[in-house]
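Since the structure comes first, as structure tokens, the remarks are kept for the end.
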Amino acid sequence: MKPSFLRGALSQRSPLRLVAGTTVLTLSFSLVACGGGEKAAGDFDGEVKVGILHSRSGTMAISENTVAEAELMAIEEINNAGGVKIDGKKLKIVPIEEDGASDWPTFAEKAKKLIDQDQVAVVFGGWTSASRKAMLPVFEAKDHFLYYPIQYEGQECSRNIFYTGATPNQQAEPAVSWLLKNKGKDFFLVGSDYVYPRTANTIIKEQLKVEGGNLVGEDYLPLGNTEVAPIIAKIKQALPNGGVIVNTLNGDSNVAFFKQLKAAGITPANGYAIMSFSIAEEEVAAIGPEYLEGTYAAWNFFQSLDTPASKKFTEAFKAKYGDSRVTNDPAESAYNMVYLWAKGAEKANSVDDNKVRAALIGVTFDAPQGPIEVQPNHHTTELVMIGEVQKDGMFKIIENSGIVKPLAWNQFVPETKGYTCDWTQDRPDAGKFKL
Amino acid sequence: MTALLDTLFNGLAIGSVLMLAALGLAVVFGLMGVINMAHGELMMLGAYTTFVVQNLFKTGPLQGLFPAYILLAIPAAFLVSGLAGLLLEKTVIRRLYGRPLETLLATWGVSLILQQFVRSVSTAFALGLVAAVVLALLAPRFTPQAWWQQRWTPLLSFGRWLAAAAVGIALASGLGNVRALDQPWFSARNIDVTAPQWLRGSIDLAGVNMPTGRLFIIALTALALVAVNWFLQKSAWGIRIRAVTQNRPMSSCLGIPTETVDALTFLVGSGLAGVAGVAVTLLGSVGPNLGGNYIVDCFMVVVLGGVGKLLGTVVAALGIGILSYVIGSGSLLLVWPAMPVGLNELVTFFATTSMAKVLVFALIVVFLQFRPAGLFPQKGRMVEA
Amino acid sequence: MADLFSSRTLRRALPWVVIVLLALLLPAVLPPFRLNLLGRFLSLGIVALGVDLIWGFTGMLSLGQGIFFSLGGYALGMYLSLNSLEPGQLPEFFSLYGVQSLPAFWRPFGSPLFTLFALWVIPALVAGVLGYLVFRNRIKGVYFSILTQAALLVFFNFFNGQQKLINGTNGLKTDTARIFGELVGSDGMQRNLFLLTVVLAVGAFLLCRWLTSGRFGDALIAIRDDEPRMRFTGYNPTAYKTLVFAVAGALAGVSGALYTVQSGIVSPQFMAVPFSIEMVIWVAVGGRGTLIGAVLGAVLINYAKSLVSEALPETWLFIQGGLFLLVVTALPDGLVGWWRSGGPGRIQAMVGWPPVAATYPELDLDPAVQAEKAELEGGAR
């Protein structure tokens, strides 16, 4: 029999229930907060926790799974080689995986969790620019570090992020110059309606002005939209006899775009040069090589790159995840950044973020694409290549522009022209200052 | 003239996809007043069926018939989606008649489960699922009869599902250790459905370039429309469906088996979603998110068209199709280049695909202010109508 | 001892004492991350209260509460973006798109006072206007649901596509802004925001209880149960519906603002279709038509989501979908409704220990009943 006061309170409308609920909730919160003690590993002298934060569910899971897998592979390789060596001790890297769920605010939430709750040494994560922008304030407010593997639009240089993907001058700009030189002057820009395509196209428009190109039209498709008939009509209107199409569509929309382009006769055979900045080996397989054959892409790594380092990387990836899998630029970049961090930590002889940050600048790594070096602006040098899609879904490398240094602030856009970023300099505006 | 034809064709092309996708939804909504949020996922099942059929034809003895695989995919998708819809009706929707809002929520739950299902399903997963369902359904046979007549029987009948689910999960994760069984059938990635060669080209007619894939969809839509119309108007079951649509209690009194009518309608509506799924593989990507890309547009068509007549769906779909094309491609400017500056800026502002969507939806919301029950409302004398 | 607890005032005060104690205790006990989560989920409880008002009490299923939620979030986000700037400076993102001067609609948000009102008045106005147009035409049921969803998509696409006005997909970030000279993302500020959330959640709860307990609440329930009859009795349902929809909009705005400062970002993702449907599910699981159920549902489900996605991200959709089905088919009144209708007693009865039914004499002896009796008699005299 319950005490009478309790029975009375529970049978009437009363906030006591709120209290009961909150108490239960609090208890469970604290239980979780207290759990999670870790045990030390066998051959190692200790552990260092790192966070891996990618979308494992939702729309972006398609792309981000591969990146997370490449990071886990790099961690496994480093551990098999004895882990990270600090102070003569061998530390095992323990990855803690979190799911960003293709939802930008969730990325911020999970980043907070990794930093506060799991106390990871560093976080590897993100794909879309929006997810990076959502995480950035968290890392800045907590002075923690994010390693971000994807080619992106630049115009950002955070003290708290290392970017191992290409900036526009390591991907889009050389590609546009190459198109202008070899394929034509009339450009039509197509992109998804979000930040990377918008900003990349702003840069390309400025570049066209400077280098004598001609912008004939641009359009943006809402993410996930597959009705591209109006865009195709605009392209036909603007480029009736062939020309250059620069495509920064993301994800699903690409499939619709290329299927319908082909149906409408806008193909390389009819004089259209189509350059994509978001289509790598994996996307080619998903869209179908028959729709993409003869179109171009600019990247810093292709699976078809014929060097021992590249082959070793691809073979290891296939051995771990299955023969049908392909490697691509984002996966390579993700793989590199884990190694770069480990090297930085060994050089700093500490896993403390700020020490690694200082030590990392100037670190080099023999990446699958070839040697890369971390620059004072927290980006890396990259090999710039242009590939053409072949029947088998691989790229034939048709242009190799060599190793290019990263520029965080774009030199074509008037607002950022002349600005640079150098975190080795001791000045308050090291992230963006005029030379 | 060419511009006008071009606009008409492209509007028709966009509208026919919408129409095909919304047709099944309209039939179901008209009969039961139920909005099926899982309609998009039933389309997705149709698209995945197309993928499976295509793979059958890619290798082996049927290889020579590859160009015709899509013709087989249509009935296959109709069956798969139709049966899935029937299952949905029998297990969930039946319990919720008269509660349209709850049905909306429940079907949304189903859509989430279906999305994750195609991502996760592997042989191990499927075996575990089948084992769990069989176990739960057969549980009364293996247990003493007396157990099922006790005070605590409700607990038992709920508990058996939990126990069966536990066994299923255990089995699935046990089998998951075998790599061959753990391989997901489709995975979270998009899958590649290749249209046969004859649907990849285009033909030029009266100066308008018409992709054959689009023509195929238009033809398929017309065919589906004629078939549905015939079914509803001429067939015996169609007449029963219409009777129930108009007055459910009276039909029931006159001996029409309304439960069977509901199930049948749902089967047909879901099957049509499957056919729409086949059609959209010709246009866009096939992946777990396919449904979400179409579902809201389908709602718009149904709400704009009203529930009274199929004609409403047709007019609404074509209207939305033509409107989004005209706005999105900015072709008004081509027709009328000397537009006043203010209007010109306005047209240009909305002449991107994403802003066109904003405008079209806003226009629909405004339109419904004047015709709350859509273009062709159901006539009736009820106060609720 | 029993006398002490049965004293009516004390029993009334007890919950509040516990709430205050918890509010003071939790920030000390919980690590910042968990505290922040609890604060965010509690702020979602406020929008759930609004959903409960319009769905649980009035029977209108809105799938577009994300609009009002985001408007509140954006209002505060805009203020915070402007607040930490030097005079004459523009928020950083504008330069990316070549915008030279602040768009006109941003200007008022420089004022804290304006923002304080805007973050709930703007959503309430938008909801009121939208609601008035829709209800005047007697659009209801699933038509209303679909219409709100369409409106949601209109707003989503607009905010998503307008980089030059509102920074498009990226949204506005708030963690690195400052209020009263302190960083919004800092632990101290987050603790204050948690306390503020508790206060506002309790306030919203009381407001909703006040609204639903009197004649106004009866009118709402009448609309839910039989709107034509209510109209024929001489009431004007449109006015009631518009008002309650506007109130729900205002609650959503407050909730969005609180959620924004505790998440560090406001983006068009808040207007994604699934998020607005999830709001309804929180209420459904907690128990629609019960205010406490709405808050509990919001906190519990989000907490579960956070836990499950830490452990097994792939299964969350299964769990969520299953929960929808289970709640809608088996527990139509949610957890709280099940509890109140004697659910636990029924389970107890099934396993063989039926709860002892209270007999009339015992009921009469209940101190609460006796007190009520005395009060009634006092009132009669």
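Keep in mind that what you see is a predicted model, and the values were worked out from it rather than measured. Per chain, numbering begins at 1; letters A, B, ... match sequence-line order.
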Please examine the side chains of A:Pro330 and A:Trp127, heavy atoms only from C-beta on, and report whether any two atoms are closer than 4.5 Å.
yes
Give, as side chain, backbone, both or neither, the part of B:Ala195 having an atom under 4.5 angstrom from any heavy atom of chain A.
both
Side chain, backbone, both or neither of A:Lys234 within contact of chain B (heavy atoms, under 4.5 Å):
side chain
Side chain, backbone, both or neither: which part of B:Leu199 has an atom under 4.5 Å from a heavy atom of chain A?
neither
Apply ring pair (Phe, Tyr, Trp, His ring centres under 6.0 Å) to B:Trp198 and list each qualifying residue two or more places apart in sequence or on a separate chain.
B:Phe216
Side chain from CB out, backbone as N, CA, C, O: work out which of these in A:Phe258 comes under 4.5 Å of a heavy atom of chain B, or both, or neither.
neither
Between B:Ser202, B:Gly292, B:Ala13, who has the most heavy-atom pairs with chain A when the cutoff is under 4.5 Å?
B:Ser202
Which residues share a ring pair (Phe, Tyr, Trp, His ring centres under 6.0 Å) with B:Phe57, sequence neighbours left out
none
From the list B:Lys357, B:Arg214, B:Gln116, the residue making the most non-hydrogen contacts under 4.5 Å with chain A is B:Arg214
Would you kindly say whether A:Glu282 and A:Thr66 are connected by a side-chain donor-acceptor distance under 3.5 Å?
yes
For the backbone of A:Val326 and the side chain of A:Gln303, can you confirm whether one donor and one acceptor N or O come within less than 3.5 Å of each other?
no
What residue in A:Gly288, A:Gly265, A:Gly322 has the most heavy-atom pairs under 4.5 Å with chain B?
A:Gly288
Test applied, side-chain hydrogen bond (donor to acceptor under 3.5 Å, both in side chains); reference residue, A:His54; option that passes from A:Glu71, A:Glu69, A:Glu97
A:Glu71
Chain B: which of A:Ala286, A:Ala263, A:Ala256 shares the most heavy-atom pairs with it under 4.5 Å?
A:Ala263
